[in-house]
Amino acid sequence: MKKTVTFKDGTMVDLDTTHEWKNLKVIEMDMPVKGMCCKWGKDSGEYRIFIDSALPDQEKLETFIHEMIHLYRGDLEKQGESVQKIETECHHITQEVLRSIGI
Ligand SMILES: [Zn+2]
């Protein structure tokens with residue numbers, strides 16, 4: 001049986017269809033920060049998101065969204081921009097996303 005989701009506008013999405021984006025893998029492990037994302041290998045085109053396995057589920061989700069926003073905005077490729085500015089923007093967008101999906 002196929003799992004599908006139908007949106008208000010009638011758009012139907014097949015949940016069995018998987019999409020690969022940035023060749024991404026998410027790894028939970030014991031780490032000193034909540035999360036991080038990085039390119040995996042110099043020219044592999046692969047990315048990894050690491051999430052601290054000790055976090056409660058809610059914080060894991062928040063951290064995952066935060067790191068996804070970094071990847072989506074191309075923050076890893078930005079050069080010469082202040083890390084603090086990037087983190088502040090990412091934090092605000094994460095809060096907006098969490099609000100918009102009611103979390
Ligand atoms: Zn960040």
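Quick caveat: nothing in here was measured; it's all calculated off a predicted structure. Just so you know, ligand 1 is whichever comes first in the structure, and atom 1 is the first atom listed for that ligand.
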Val33, Phe64: one ILVMFWY side-chain cluster at the under-4.5 Å cut-off?
no
Are any side-chain N or O atoms of Thr94 and backbone N or O atoms of Cys90, one a donor and one an acceptor, separated by less than 3.5 Å?
yes
Indicate yes or no: at least one non-hydrogen side-chain atom of Thr63 is less than 4.5 angstrom from one of Asp52.
no
So which of Lys34, Lys60, Met29, Met31 actually passes side chain to side chain contact (heavy atoms under 4.5 Å, CB included) with Ile51?
Lys60
Using a distance-only test with no angle check, is there a side-chain donor-acceptor pair under 3.5 angstrom linking His66 and Glu87?
yes
The Zn ion (ligand 1): protein N, O or S atoms that are less than 2.8 Å away, sorted by chain
His66 NE2, His70 NE2, Glu87 OE1, Glu87 OE2
Salt bridge between Glu46 and Lys22, side-chain N to carboxylate O under 4.0 Å?
no
